[in-house]
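Have a look at the structure below before the remarks.
What you are looking at is a predicted structure, and each value in this text was computed from that prediction instead of being measured. Just so you know, residue 1 is the first one in the sequence shown, and it goes up from there.
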Amino acid sequence: MKKTWLLLVLVAAVMSGCAPRTVTPESSGPTSESAVSTMPESDSTAPSLAVVPATEADIPAIVKDALARGRVAQILFMADSLPYNANDETHAPFYPVDLENGPAPYPPEIFDPVKEVLGQMHTAADFKAYFYAVFDKPAADKLLGYLFNDRFEMVKDFDGKLYVNAGVGLAGYAGGHWDESTLQILEVTDTQITVEMDAEGMAPVGRQKLILINEDERWKLTDSWRVMQYPAV
């Protein structure tokens, strides 16, 4: 049920478009060049996440780019639903990621950016590095803690190939849908961008703050990106 909801949210995020209509004025984790270099670029000519400090005119494009990368992480987080070769049981319950023959659980407009990133990942370190490139360290640590812990690991690598654990079904989800057309800039400093947008988790939750942090000379999402599952009461 939650995976079905996530698919609907992701489709809504893609179909709603990313161009804003109304705009008002620690050390990081491990890095991997392949994981960083294959993060999907925005379809605009907007400045990169690596451009700091940001000006107010840069903010809509930076937020758009950050959320696009967050949507890729959102699908990677649901690692058990990634396409894999179920016929290769050499390391079962881990199965090799198979982008060519494995069934893609999402429409192309959603999965193509994920496929591009996965195509450059060969190890669990690459997988983890993507999260540390997109999120600040506390947020990346929290997300990866669900995937790699003392009970199970969702991703491993064998002989230079990425494998996913098909024996564990995650109960949670990450992220949510941020309506970029409602973006309002609240504060911009050399180290932090704070904006506000309409958002929804398992249900609409109204206006929510999204905070980006300048870490390693790159604008990264924080834990504020994770929309609560249910509206506040």
Side-chain angles (χ1 to χ4, degrees), residues 13 18 20 26-79 113-149 153-157 162 174-176 178 180 183 185-197 199 208-227:
C18 297
E26 293 165 45
S27 83
S28 66
T31 59
S32 166
E33 289 302 320
S34 62
V36 173
S37 64
T38 56
M39 291 190 293
E41 295 299 329
S42 165
D43 58 4
S44 72
T45 56
S48 161
L49 283 178
V51 176
V52 292
T55 67
E56 193 165 293
D58 297 331
I59 305 307
I62 289 175
V63 171
K64 174 182 178 179
D65 201 24
L67 290 176
R69 299 168 196 268
R71 285 192 291 271
V72 172
Q74 196 168 19
I75 294 178
L76 293 177
F77 181 83
M78 303 295 291
V114 183
K115 186 175 181 179
E116 180 183 353
V117 169
L118 277 172
Q120 298 299 317
M121 289 183 178
H122 305 291
T123 66
D126 291 338
F127 184 92
K128 294 176 182 178
Y130 184 84
F131 285 82
Y132 284 108
V134 176
F135 301 99
D136 71 344
K137 188 176 186 303
D141 284 345
K142 182 178 290 187
L143 288 168
L144 290 172
Y146 289 106
L147 304 179
F148 302 89
N149 51 64
E153 294 178 281
M154 285 303 302
V155 173
K156 281 188 177 182
D157 56 90
L162 199 66
W178 294 85
E180 295 160 45
L183 183 145
I185 299 170
L186 300 181
E187 183 180 19
V188 181
T189 70
D190 289 349
T191 58
Q192 181 172 310
I193 295 171
T194 305
V195 297
E196 189 177 72
M197 285 173 278
Q208 296 283 302
K209 287 184 181 179
L210 179 70
I211 299 172
L212 278 67
I213 294 293
N214 176 357
E215 183 182 86
D216 301 329
E217 298 186 349
R218 177 178 293 274
W219 289 110
K220 298 183 180 182
L221 294 167
T222 64
D223 195 52
S224 62
W225 168 80
R226 301 181 66 206
V227 180

In terms of relative ring orientation, are Phe127 and Phe131 parallel, tilted or perpendicular, with 30° and 60° separating the classes?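 Taking Phe131 first and then Phe127, their aromatic rings sit tilted (interplane angle of 30° to 60°).
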In Å and rounded to the nearest 0.5 Å, what is the [atom1] to [atom2] distance from [X] to [Y]?
| X | Y | atom1 | atom2 | value |
| --- | --- | --- | --- | --- |
| Ile193 | Asn214 | CD1 | CG | 8.5 Å |
| Leu221 | Arg69 | CG | CZ | 10.0 Å |
| Ile213 | Gln192 | CD1 | CD | 4.0 Å |
| Glu187 | Ile211 | CD | CD1 | 9.0 Å |
| Lys115 | Ile75 | NZ | CD1 | 13.0 Å |
| Ile62 | Asp65 | CD1 | CG | 8.5 Å |

Using side chain to side chain contact (heavy atoms under 4.5 Å, CB included), reason through Met121 and Val155 one step at a time and then give a plain yes or no. CA-CA 11 Å; Met121 289 183 178; Val155 173; over 6 Å; no
If you define the side chain from C-beta out and look only at heavy atoms, does anything of [X] sit under 4.5 Å from [Y]?
| X | Y | answer |
| --- | --- | --- |
| Trp225 | Leu212 | no |
| Val63 | Met197 | yes |
| Leu210 | Leu183 | no |
| Met154 | Phe148 | no |
| Val134 | Arg218 | no |
| Leu147 | Phe77 | yes |
| Glu215 | Phe135 | no |
| Thr123 | Leu162 | no |

Between the side chains of Glu196 and Lys209, is the shortest nitrogen-to-carboxylate-oxygen separation below 4.0 Å, so that they form an ion pair?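 No salt bridge links Lys209 with Glu196.
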Is the closest basic N to carboxylate O distance between Arg71 and Glu180 below 4.0 Å?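 Yes.
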Identify the heavy atoms of [X] and [Y] that sit nearest to each other, and give their distance.
| X | Y | value |
| --- | --- | --- |
| Asp136 | Lys220 | N-CB, 3.6 Å |
| Glu56 | Ile185 | CG-CD1, 3.4 Å |
| Val227 | Ala199 | CG2-CB, 4.0 Å |
| Asp126 | Gln120 | OD2-O, 4.0 Å |

Would the distance check show the side chain of Asp157 and the main-chain N or O of Ala124 forming a donor-acceptor pair, the cut-off being under 3.5 Å?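 Confirmed, Asp157 side chain pairs with Ala124 backbone.
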Let me see the working for Leu186 and Val195 under side chain to side chain contact (heavy atoms under 4.5 Å, CB included), right down to the final yes or no. CA-CA 5 Å; Leu186 300 181; Val195 297; 5.7 Å; no
May I ask you to check whether Tyr132 and Asp141 show a side-chain donor-acceptor distance below 3.5 Å?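 Per modelled atom types, Tyr132 and Asp141 side chains form a pair under 3.5 Å.
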